[in-house]
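To start, the structure itself, in C-alpha cells.
Given the structure is predicted, the values throughout are model-derived calculations rather than measurements. Every number for a ligand or one of its atoms is a count from 1 in the order of the listing.
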Amino acid sequence: MIFIVIVYIIGFNSFQLTMGKLKMNIAATATSKLRLIKTSANTSVKTSVKCALLGAAVMLGACGGSGGSDPGIVSDPPPPSTPAPAPTPNDSQELIKLNQIGFLPNAVKIAAVPATEATSFELVNNANDTVVLTGELSAEQSWPVSSTSVKLADFSSVTSAGEYTLRVEGIANNASVSIGESVYLNVHDAALKAYYFNRASTELESTHAGQWARLAGHPDTNVQVHVSAADTNRPAGTVISSPKGWYDAGDYNKYIVNSGISTYTLMQAYEQFPAFYADRDVNIPESGNDIPDILEEIKWNLDWMASMQDPNDGGVYHKLTTLGFSGTVMPHETTAQRYVVQKGTSATLNFAAVMASASRIYAALPEFEDDAAAWRSAAIRAWDWAQANPNVAYQQPSDVNTGEYGDGFFDDERLWAAAELFLLTRQPSYLTSFKAMTASAGPGVPAWPATATLGYISMLSAGEPLLTSEDYNSFQNSFLGLANTIVDQTENSAYGVAMEQADFVWGSNSVALNKSMVLMNAFELTGNQAYEDAAVALVDYVLGRNPTDFSFVTGYGEKTPLDPHHRPSFADDVPEPVPGFVAGGPQPGQQDGCNYPSSRPALSYLDDWCSYSTNEVTINWNAPLVYSLAALHNKQ
Ligand code: G3I
Ligand code: 9MR
C-alpha cells in the first residue's frame, strides 16, 4: 500500500512537470530564441522523469548524480543525473557578437565580427532605413582562448539614441543595436531583484514575484550546531535560529564568505550612487517605504549574517547547510536538517569586514541606528576572535558534501577587515594592521577567496579625509596598478575585452564583472577614459560580445541562458528561468561531466541544468553586475 502511494506521488509529480515543460516546448517553436529551450530543458526533463520512474521502482540511488551520500535524498527527490545532452551544433562563430542590451550614447561601442573578407561595416538607423555610418573594420585577429578570429567594428561616433542595425557584407545576421541613456536600467533592476528571488525563509508573493511566486522555504529556526562547530557553550546538536539571508546559488545553502563579498559589493553600489538608489523601485515587499530598496534587500542578508556569529566568543560559522545538496525541488519541499559548520578565520574576518562596512553605511539612516550599533560591536568582536585565532582554515567535515569555499590564506581578508574597521572606528591600530598586510596581500581581481581589493576600494572611496596624502597616494598607486594591467589586457585582446586564459575559471563571468568594478573605481579616482572604456568592454562581454554569442543574464538579451543550474528555475513549472541571474560562464574544467560543445576556455559553456560548472547562478556573480551597471549608468 505504501509502495503504491509512493508510485502515485512520484508519478503525479512527474506528470505535472512533463506537462509544464511540454507546454513550454509547444510555445517554444514560435521563435528561434525559445527553440533553444527544446534542446536543453527537454533533455534534463527526460532525465528527471526517468529518475522519478526509477524512484518508483525503489532505485533512487541510480539517479543521485555523483555526489556521494546525500542525506537530503531521504526526503527530497534526487537531482537529475549529469551526463546528458549531445552538443548542439555550434554555429555561433558565424554571428556578429555585441552587447545585446544596448549602448550608452557617449560610451565606446564595439562589435566583434567573425572573420570575413569584408573590410567595412554599415550602421543603419531603423527609423528611416538610412545608413548613418560606414566604418572600417579592424584588422583580423585571432583570440587564443576561443581559437576564433574576429574583426572589430567601432561605431562609437554614433551617439544619437535609437534602434539601429549593424550589417557586414557576407555575414548572415544583421545585429540589432540599441543606443540610449536608459539601456542598462531594466537589466540592472533585474540583477538586483534576483536577490529577492533567492531569499530564504519567506514566501515570494505574486505581487512581487509574478509567475515565479513560491512558498516559503528554509525557515532556519531549527538549525543544529554541527560537531565541527561544537564547544562547551554550544555542544553538538544545540539548536540555534539563523533565518533569512539569500540562498547562495542554484543550491539552498548559505555560506559566509560568498555572502560577504556579495553583500559588500551591493553596499558599495549604494554608497557610491546613493541618489540613483534613492528612488529605484524594484518591487520587493519593502518597496514604497522611505528606505532605498537596495538597502532593504541587503538587510535581508545582513540579518542572517549577524546570526552566524557565536555570541559566546565572537567567532563566525563558515556556513549554514544541509549535509548534502538537496534534490531538484522547490525550497519548501526540502526537509533535511540544516547545520552551522565550523568557525574559521576567513569567515570571521570576512564577517568583520561586512559588518563594519554595514555599520558605517547604514548609520546614515536613523531607522538603522540600533542595527548599526549592533553590527559595529559584532565586527569588533569578530576581529578580536580572528586575532586570537589567526590561522583556522575551514576543513570540510567528512559528512558534509556541500560547497566548500575553502581558503587557507587570510592576509587579504585581514587587510579588508582592517580597512573597514579603520573607516568605522578611526582607530589607528586598524590602519597599522591594514598597512602590515599590504606587502603580502596586494590588489588582485576581487573574488570570494581574494578580498584585498575590497579593502582598497573602501579606503580610496571613503578614506581620503582620514589618511595622510602619502598613505592615500601609496594605496591609490597600488590599486591603479591593477586597473592598468586590466587596461593592457583589453588592448591585447582580439575581442577588445580583458579576459585572458587564466580568467576562464568557475564563474568566469564574475571575473569580467569584478574587473569592471575595479575599472569603474579607477575611473572615479582619475577620470581617465581608458578605464571606463575597458569597463564597458567587459560588460559588453557578459551581455553578448563573446564567442558563445550568449548574453549571460537570464531573461536579458536575444540569446540568454534558458536552463541554468538553479533549483527553483528547474523545479517550478514556469518555462522561463528566474530572470536577472548571471550564469557562471565558460571555463574548460567541465567538472560536471556534461557533454560540452568545445573544450576551448571561452567556448566551454553549456546552457543545460547539467552544467553546474558553467551554468549555475550565484549571488557573488550578480553583485558586480549590479555595481557595474549602476556605475556606468551614473557616470555616462
Ligand atoms: O585555489 C586553487 C588555486 O590554487 C589554483 O591555482 C586554481 C587553478 O584552477 O584553482 C583554485 O581552486 C579553485 C577554487 O574555486 C578557488 O578559486 C578551483 O579550481 C575551482 O574549482 C573552485 O571553484 C569553485 C566551485 O564552487 C567548486 O568548489 C567556485 O569558485 C565557486 O564559485 C563554486 O561555488 C559553488 C558553491 O560551492 C556551492 N554553491 C554554488 C556555488 C557556485 O557554483
Ligand atoms: O547542485 C550543486 C551545485 O549547487 C554546486 O555548485 C555543485 C558543485 O559543488 O554541485 C552541485 O551538485 C552536484 C553534486 O556536486 C554532484 N552530483 C550532482 C549534483 C547536481 O546535480
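Aromatic pair F550/Y605: centroids less than 6.0 angstrom apart. Here F479 and Y456 keep their ring centres 6.0 angstrom or further from each other.
Using a 4.0 Å threshold on non-hydrogen atoms, atom 43 (O) of ligand 1 counts as touching the protein. Contact annotation for atom 37 (O) of ligand 1: protein present (non-hydrogen atoms, distance under 4.0 Å). Inside a 4.0 Å radius of atom 30 (O) of ligand 1 there is at least one protein heavy atom.
Taking 4.0 Å as the cut-off between side-chain N and carboxylate O, D572 and R214 do not count as a salt-bridged pair.
Numbered from 1 in the order shown, with element, the atoms of ligand 2 that lie under 4.0 Å from a heavy atom of E616 read 3 (C), 4 (O), 5 (C), 6 (O). Residue W506 approaches ligand 2 through these ligand atoms, each under 4.0 Å from one of its heavy atoms: 8 (C).
In the candidate list W448, Y247, W621, Y252, W448 is nearest to atom 16 (C) of ligand 1, counting heavy atoms. Selection from W506, F409, F325 by nearest heavy atom to atom 24 (C) of ligand 1 gives W506.
Residue contacts with ligand 2 include R567, since one or more of its heavy atoms lies under 4.0 Å from the ligand. Under a 4.0 angstrom heavy-atom cut-off, E404 registers as lying outside contact with ligand 2.
Aromatic ring orientation, H218 versus Y247: perpendicular (interplanar angle above 60°, classes split at 30° and 60°).
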